[in-house]
Novice: 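Following this message is one structure expressed as structure tokens.
All figures in this text were calculated on a predicted structure; none of them were measured in a lab.
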Amino acid sequence: MISFECDYNNGAHPKVLENLVRHNDARPTPYGFDEFSERAKERIREACGLPEAQIYFLTGGTQTNATTIDSMLYQYEGVICVSSGHINVHEAGAVEFTEHKIITLPEKDGKLESKVLDKYLDDFVHDGNNAHAVFPGLVYITFPTEFGTLYTAQELDAIYQVCQKYEIPLYIDGARLGYGLMADGCDITLPYLARHCDVFYIGGTKIGALCGEAVVFTHQNAHKHFFSIQKQHGAVIAKGALIGLQFEALFTDNLYFDLSRHAIKMAMRMKDIFVKKGFEFYIDSPTNQQFIIIPNKTVDELSKEVVFTHWGQADKHRTICRFVTSWATTDEDLDELERILG
């Protein structure tokens, strides 16, 4: 069996493991207050072009979203998100478990449109009864989106301008951030993204790490007791150097970006294979997630040799299937997929 199920069903890149093994006997200070984590933070700040950024390490994406969002909202506030947003459909209500409502808005190709956001906020501000409603306290987007699509620099700038107009922070979920930044046609760089939001996170779990995400508050705007909020959420790892060491390796010699670029190269080759075989695509994705519409009978046959995700029903006779490449995908994997497709 070959697997294109997801981008986190493998171990870690050898250079990440090497850094962990090299310092296995170091006995670092616990809870992330160690020299390795500090070095990792400095390298991330340099890559972002934000020398004053506040950075915190957490272990996984759902934990990161729930903790960060909870830290930025008052009790009566909710978070704005498109209907297909990750926190709305794939985190088992983790954000709402913290008693913050997710306020959903319509999307276009998985993306939040600035004009839709602006209208919603304008309507809310001018609603004389809004004191009885959940206040929008944060805007959440993912980069890339759940459908592997990308915001352009202009689109991101427009969303951030709306957020600033209404004095609401913008949070970007970057679980697959590298795969978005390295995608063909992407006109957003890491420094640009960092300048156009109030907080974002850099996903390590899906891009070369065993586990770990790096939350970046872009202008000294983290809650003054963020560490305590982390602790309350069970989001502080005692062996904090475990994550720091991994990000130190990922942000040495552009490894994070090289791994991301490799996954995109593999995804574009996989895309070509499906095109040549005559398959229809659900959406045009330039990233490592590809969504293919496959007849149900073919899905059953293909599932005997390939692992992939059944994303949804296209119609009664066809299924939307997601195939994902990663930093660990090989040409041999794709050769085998091509052979199986016939």
Novice: Between E107 and S84, does the side-chain hydrogen bond (donor to acceptor under 3.5 Å, both in side chains) criterion hold? Intermediate values first, please.
Specialist: CA-CA 8 Å; E107 64 193 57; S84 66; 2.7 Å; yes

Novice: Centroid separation under 6.0 Å, is that true for the rings of Y256 and F251?
Specialist: yes

Novice: Look at atom CG of D123 and say whether more than 12 heavy atoms of other residues, nucleotides or ligands are closer to it than 6.0 Å.
Specialist: yes

Novice: Do Y56 and I229 share a hydrophobic cluster (ILVMFWY, side-chain heavy atoms under 4.5 Å, transitive)?
Specialist: no

Novice: Is the ring pair F274/F281 parallel, tilted or perpendicular, if the boundaries are 30 and 60 degrees?
Specialist: perpendicular

Novice: For a quick check under 3.5 Å, do H13 and E18 share a side-chain donor-acceptor pair by atom type?
Specialist: no

Novice: Within the side chain of K111, is there an N or O that forms a donor-acceptor pair under 3.5 Å with the backbone of L150?
Specialist: yes

Novice: Compute whether any side-chain donor of one residue and acceptor of the other, for N19 and Q246, lie under 3.5 angstrom apart.
Specialist: no

Novice: Does CZ in F147 sit with more than 12 non-hydrogen atoms of other residues, nucleotides or ligands closer than 6.0 Å?
Specialist: yes

Novice: Main chain of E5, side chain of T309: is a donor-acceptor contact present, judged purely on distance under 3.5 Å?
Specialist: yes

Novice: Step through the shown structure and confirm whether more than 12 heavy atoms of other residues, nucleotides or ligands are within 6.0 Å of CD on E305.
Specialist: yes

Novice: Determine yes or no for a side-chain-to-main-chain donor-acceptor pair under 3.5 angstrom, with D127 supplying the side chain and N129 the backbone.
Specialist: yes

Novice: With a cut-off of 6.0 Å (strictly less than), are more than 12 heavy atoms of other residues, nucleotides or ligands near NZ of K277?
Specialist: yes

Novice: Taking S83's backbone N and O only, do any of them form a donor-acceptor pair with N88's side chain (distance below 3.5 Å, no angle check)?
Specialist: yes

Novice: For E46, does the CD atom sit with more than 12 other heavy atoms under 6.0 Å from it, leaving out its own atoms?
Specialist: no

Novice: Say you draw a straight line from OH of Y140 to OG1 of T142; how long is it, rounded to the nearest 0.5 Å?
Specialist: 5.5 Å

Novice: Examine distances only and state if a side-chain atom of Y151 and a backbone atom of L112 form a donor-acceptor pair shorter than 3.5 Å.
Specialist: yes

Novice: Do L121 and I80 touch side chain to side chain, with heavy atoms closer than 4.5 Å?
Specialist: yes

Novice: Hey, mind stepping through H219 and Q54 against side-chain hydrogen bond (donor to acceptor under 3.5 Å, both in side chains) and telling me if it holds?
Specialist: CA-CA 8 Å; H219 44 264; Q54 295 167 285; over 6 Å; no

Novice: Quick check for you: to the nearest 0.5 Å, what is the distance between E35 atom CD and L245 atom CG?
Specialist: 9.0 Å

Novice: So, does D187 use its side chain to make a donor-acceptor pair with the main chain of A153 at under 3.5 Å?
Specialist: yes

Novice: Look at the side chain of D157 and the backbone N and O of I159, then say whether any donor-acceptor pair between them is shorter than 3.5 Å.
Specialist: no

Novice: When you measure from the side chain of E96 to the backbone of G93, do you find a donor-acceptor pair of N or O atoms at a distance under 3.5 Å?
Specialist: no

Novice: Would a line drawn from the ring center of F227 to the ring center of F33 be shorter than 6.0 Å?
Specialist: yes

Novice: Give the intermediate values and the outcome of ring-ring contact (aromatic ring centres under 6.0 Å, His included) for residues F323 and F308.
Specialist: CA-CA 6 Å; F323 290 74; F308 53 93; 4.7 Å; yes

Novice: Tell me whether the count of non-hydrogen atoms from other residues, nucleotides or ligands lying under 6.0 Å of CD in Q164 goes above 12.
Specialist: yes

Novice: Applying the side chain to side chain donor-acceptor pair (under 3.5 Å) criterion to S326, which one of N288, D333, N10, D7 satisfies it?
Specialist: N10

Novice: Just do the ring-ring contact (aromatic ring centres under 6.0 Å, His included) check on F217 and F226 with the steps written out, would you?
Specialist: CA-CA 11 Å; F217 289 92; F226 187 81; 5.2 Å; yes

Novice: Within this structure, what is the CZ-OG1 distance for the pair R269 and T325, rounded to the nearest 0.5 Å?
Specialist: 12.0 Å

Novice: Where does the angle between the aromatic ring planes of H86 and H90 fall among parallel (under 30°), tilted (30 to 60°) and perpendicular (over 60°)?
Specialist: tilted

Novice: Honestly curious: do I87 and L58 fall in one hydrophobic cluster under the side-chain, below-4.5 Å linking rule?
Specialist: yes

Novice: Looking at F124 versus Y166, is the centre-to-centre ring distance below 6.0 Å?
Specialist: no

Novice: Step through the shown structure and confirm whether more than 12 heavy atoms of other residues, nucleotides or ligands are within 6.0 Å of OH on Y120.
Specialist: yes

Novice: Kindly compute the distance separating CZ (F135) from NE2 (H132), expressed to the nearest 0.5 Å.
Specialist: 10.0 Å

Novice: Quiz question: by atom type and distance under 3.5 Å, do the side chains of R43 and T252 form a donor-acceptor pair?
Specialist: yes

Novice: Return all side-chain donor-acceptor pairs below 3.5 angstrom for residues 289-302, not counting sequence neighbours, or 'none' if the list is empty.
Specialist:
unit_1: Q289; atom_1: OE1; unit_2: R322; atom_2: NH1; d: 2.8
unit_1: Q290; atom_1: NE2; unit_2: S285; atom_2: O; d: 2.9
unit_1: Q290; atom_1: NE2; unit_2: T287; atom_2: O; d: 2.9
unit_1: N296; atom_1: OD1; unit_2: T319; atom_2: N; d: 3.4
unit_1: N296; atom_1: OD1; unit_2: T319; atom_2: OG1; d: 2.7
unit_1: N296; atom_1: ND2; unit_2: K316; atom_2: O; d: 3.1
unit_1: N296; atom_1: ND2; unit_2: H317; atom_2: O; d: 3.3
unit_1: E301; atom_1: OE2; unit_2: K304; atom_2: NZ; d: 3.2

Novice: Say whether Y171 and D198, considering side chains only, have a donor N or O and an acceptor N or O under 3.5 Å apart.
Specialist: no

Novice: Would you check if the side chain of T67 reaches a backbone N or O of T64 as a donor-acceptor pair within less than 3.5 Å?
Specialist: no

Novice: Test your reading of the model: is there a side-chain donor-acceptor pair from H223 to the backbone of H225, 3.5 Å cut-off?
Specialist: yes

Novice: Can you tell me if D258 and H262 form a side-chain donor-acceptor pair at under 3.5 Å?
Specialist: no

Novice: Could you tell me whether the side chains of D34 and S37 share a donor-acceptor contact shorter than 3.5 Å?
Specialist: yes

Novice: For a side chain to side chain donor-acceptor pair (under 3.5 Å) with E213, tell me which candidate from T59, T68, N65, T205 qualifies.
Specialist: T205

Novice: Please test R318 against E280 for salt bridge (charged side-chain N to carboxylate O under 4.0 Å, His left out), starting from the C-alpha separation and ending with a verdict.
Specialist: CA-CA 11 Å; R318 300 180 303 164; E280 182 182 348; 2.9 Å; yes

Novice: Under the criterion salt bridge (charged side-chain N to carboxylate O under 4.0 Å, His left out), I'd like the reasoning laid out for R39 against E42: C-alpha separation, chi angles, the key distance, then a yes or no.
Specialist: CA-CA 5 Å; R39 283 207 298 265; E42 282 304 315; over 6 Å; no

Novice: Do I207 and L250 make a side-chain contact, defined as non-hydrogen atoms from C-beta onward lying under 4.5 Å apart?
Specialist: no

Novice: Among the clusters formed by ILVMFWY side chains lying less than 4.5 Å apart, do V324 and W327 turn up in the same one?
Specialist: no

